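So the structure is just underneath, and the comments pick up after that.
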There are 2 protein chains.
Amino acid sequence: MSWDTLSIVTTRRRGAALEEAILQAAVEELTEVGYRELTMDGVAARAGTAKNVIYRRWPSRAALCIAAYRHMLPTGPDSTPDTGSLRGDALALLTRANDRMSSPVGRILRQLLADIQSDPERMRELRDQVARAGVSHWLTVLARAASRGEVGQQALTPRVATVAVDLLRNEYALNGATAVSTEVLTEIVDQVFVPLASRD
Amino acid sequence: MSWDTLSIVTTRRRGAALEEAILQAAVEELTEVGYRELTMDGVAARAGTAKNVIYRRWPSRAALCIAAYRHMLPTGPDSTPDTGSLRGDALALLTRANDRMSSPVGRILRQLLADIQSDPERMRELRDQVARAGVSHWLTVLARAASRGEVGQQALTPRVATVAVDLLRNEYALNGATAVSTEVLTEIVDQVFVPLASRD
DNA sequence: CTCTTAAGATACTGCTAGTAGCTTAAGAGG
DNA sequence: CCTCTTAAGCTACTAGCAGTATCTTAAGAG
C-alpha cells in the first residue's frame, strides 16, 4: 500500500464494530436518499469499506436495508394517551401514527414493503414487527373507554381496534408519500372508529 | 438487408396499428412476468419492433406500462348486486373486489402503484381511474338499504361507503400478493361495514 | 512468533433503462 | 408514376447497479 495519500491511518475494524458502522452508514443513506436510491456502493463508501464486506453479512440489498430499518427504530416503548374520552385518545393515537408514517422512517418502511411483496418470508418479518405494533395501545384505549361505559364489548376485537390505523395505511397506499391531513384523521375517527366502538 | 433468413416479408406497420401491437405485447408481458420483470427489450422483441420505437411514444417504462394496464381493463360497466340484504350486497361487492385485486390485473396495479409513489403526477392518474371506481356501487347498495330502512343517513358518506374496500386494500398492502380469505372478508363486513351502516 | 480469519481493494459479469445515428419502407401530394 | 417527408427498423452505445471473484494484508488468538 502506498502512503502518499492524506488518509489517516485507521485501525482495521472487525466483527461487531464493523457491522455497526455499516448499519449506521445504511441508515444515513436511507434517510438521505431513501430505499429506492440507496446503492450498495454508496453504503460501502460511506462506511469506509467495500461492497463484498457487506455481502458477507447480508445476502442482498433488501436484507441490509431491513436490518438498517430495524436499527433506526425508536427504542423505548411509548405511552398510551389518556385524554379522558375515546375520541381524544383515538385522535392522539392516530395523529401519532400519521406522524410516523409521514416521517422518513415511514417512507422507508413503505418503500421496503412495496419492494418485498414478492418475498413472503421477508414480508412477514417486516409486517409482524411493525404493522401490528400499536394494537395494544388501541386495545388499552378501548378497554378504558369500556370501563367508563363508553363502548360495548363488540368493539374489543383486533379488527375494530386497528380499523383507524388500517384506514390510515390505506390512505398512504393510495396517495403516496404526502402526509394525510388532519381533516382525514378526524373523519376516520368521527365517521368510523368512534361510531363503531360506541354502538349499543 | 439480407434475405437469407426465414423471416416472412411483412409490411412495415405504422401509426395506430403499430401502437396497438406494442400495447398488446406489453399487456402479454405484464400478465406473464409482471411489472417488475418486464423489460423494454422484451416488449420490443415480442412486438417485433425496436426499443426506440417504443420510446418515441412513451417517455418511460412506467408510462408504457400504465398505458398497457389501461388497455387490459375490462370495458363494460358491471352490475350492482341486489341480494335483498345489505350484508349480502356488501359481501358480493367485496368478494368481487377481492377477486380483482388477487387477479393478475390486480397484481400489476399494485406493482405499478408501488413503483410510482415518487411521481405524484402518474400517481393521481392511476388512483383516480381505478381506486375510486367502485364507489358508486357501494353508494347504490347503501341507498337501497336505506330505502328499506336498514341503514341511517349517517352511512351515506364516501368514507363509510368505501370503508370495506379500503380495509381490503390495506390487507393487500400488508400481506402482499396472497389473496385475502373469505373469513377476512366476512369479518370486515360483519364487524365493520354492517354495524357502521346499521347504526340508528 | 505464527497461523487463521476476515477486512480491504480492485476488477469483473450480467443486466437493464434510455439514447444516438443511420438506413429504408410507407404513404401523401403532385 | 415520381418524389419527398416522415417514421419504422436496426445496431451500437452509455451509464448505472447488483452481485461475484480474487488477491493482499491486517487483527487477533494461541
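In what follows, chains carry the letters A, B, and so on, assigned in the order in which the sequence lines appear, proteins first and then strands, with residues in each chain numbered from 1. Predicted model, so just to flag it, every value in this text is computed and none were measured.
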Task: B/Gln154 side-chain N/O to B/Leu196 backbone N/O, donor-acceptor pair under 3.5 Å - done: yes
Open item on the list: Near DNA chain D, counting only heavy atoms under 4.0 Å, which residues of residues 18-28 of chain A show up?
Closed with: none
- [ ] Might you point out which heavy atoms bring B/Ala44 and B/Lys51 nearest each other, and give the distance in Å?
- [x] CB-N, 3.7 Å
Task: Interatomic distance, B/Leu64 CG vs C/dG18 P [rounded to whole Å] - done: 10 Å
Open item on the list: Quick check on DNA chain D: between B/Thr49 and A/Arg56, whose nearest nucleotide comes earlier from the 5' end?
Closed with: B/Thr49
Open item on the list: Measure CE/A/Met40 against C1'/D/dA18 and give the value in whole Å, please.
Closed with: 8 Å
- [ ] Measure from CZ on B/Arg12 to P on D/dT6 and round the result to the nearest Å.
- [x] 16 Å
TODO: Give A/Arg13 one of three labels, base, sugar-phosphate or nothing, depending on what nucleic acid heavy atoms sit under 4.0 Å from its own.
DONE: sugar-phosphate
Task: Student check: side-chain heavy atoms of A/Leu30 and A/Val27 closer than 4.5 Å - done: no
Open item on the list: So if I take every side-chain heavy atom of A/Lys51 and compare against D/dA8, C/dA17, D/dG19, which nucleotide ends up nearest?
Closed with: D/dG19
Open item on the list: Classify A/Arg61 by what it touches in the nucleic acid, base, sugar-phosphate, or nothing, heavy-atom distance under 4.0 Å.
Closed with: sugar-phosphate
- [ ] Measure from OH on B/Tyr55 to C1' on D/dA8 and round the result to the nearest Å.
- [x] 17 Å
Open item on the list: What's the closest nucleotide to the side chain of B/Ala50 if the choices are D/dT11, C/dA7, C/dG18?
Closed with: D/dT11
- [ ] From the options C/dA6, C/dA17, C/dA25, select the nucleotide whose nearest atom is closest to the side chain of B/Thr39.
- [x] C/dA17
TODO: Under a 3.5 Å limit for both distances, which nucleotide forms a Watson-Crick or G-U wobble pair with D/dA26, could you say?
DONE: C/dT5
Task: Separation of atom CG in B/Asp41 from atom P in C/dG14, rounded to whole Å - done: 17 Å
- [ ] Give A/Leu38 one of three labels, base, sugar-phosphate or nothing, depending on what nucleic acid heavy atoms sit under 4.0 Å from its own.
- [x] sugar-phosphate
- [ ] Send over the distance from B/Trp58 CH2 to C/dT19 C1', rounded to a whole Å.
- [x] 18 Å
- [ ] Please examine the side chains of B/Leu64 and B/Arg57, heavy atoms only from C-beta on, and report whether any two atoms are closer than 4.5 Å.
- [x] no
TODO: Could you tell me whether B/Asp115 and A/Arg36 make a salt bridge, using a distance below 4.0 angstrom between a side-chain N and a carboxylate O?
DONE: yes
- [ ] Quickly work out the B/Ile54 CD1 to C/dT19 C1' distance and round it to whole Å.
- [x] 14 Å
Open item on the list: Measuring to OP1 and OP2 of D/dA8, would you say a side-chain N or O of B/Arg57 lies under 4.0 angstrom away?
Closed with: yes
TODO: Apply the test side chain to side chain contact (heavy atoms under 4.5 Å, CB included) to residues B/His71 and B/Glu20: give CA-CA distance (whole Å), side-chain angles for both, the deciding distance (0.1 Å), then the verdict.
DONE: CA-CA 9 Å; B/His71 204 252; B/Glu20 173 63 28; 3.1 Å; yes
TODO: Please tell me which of the listed nucleotides, C/dA7, D/dA18, D/dA8, lies nearest to the side chain of B/Arg14?
DONE: D/dA8
Task: Residue pair A/Met72 / A/Thr31, side-chain heavy-atom distance below 4.5 Å - done: yes
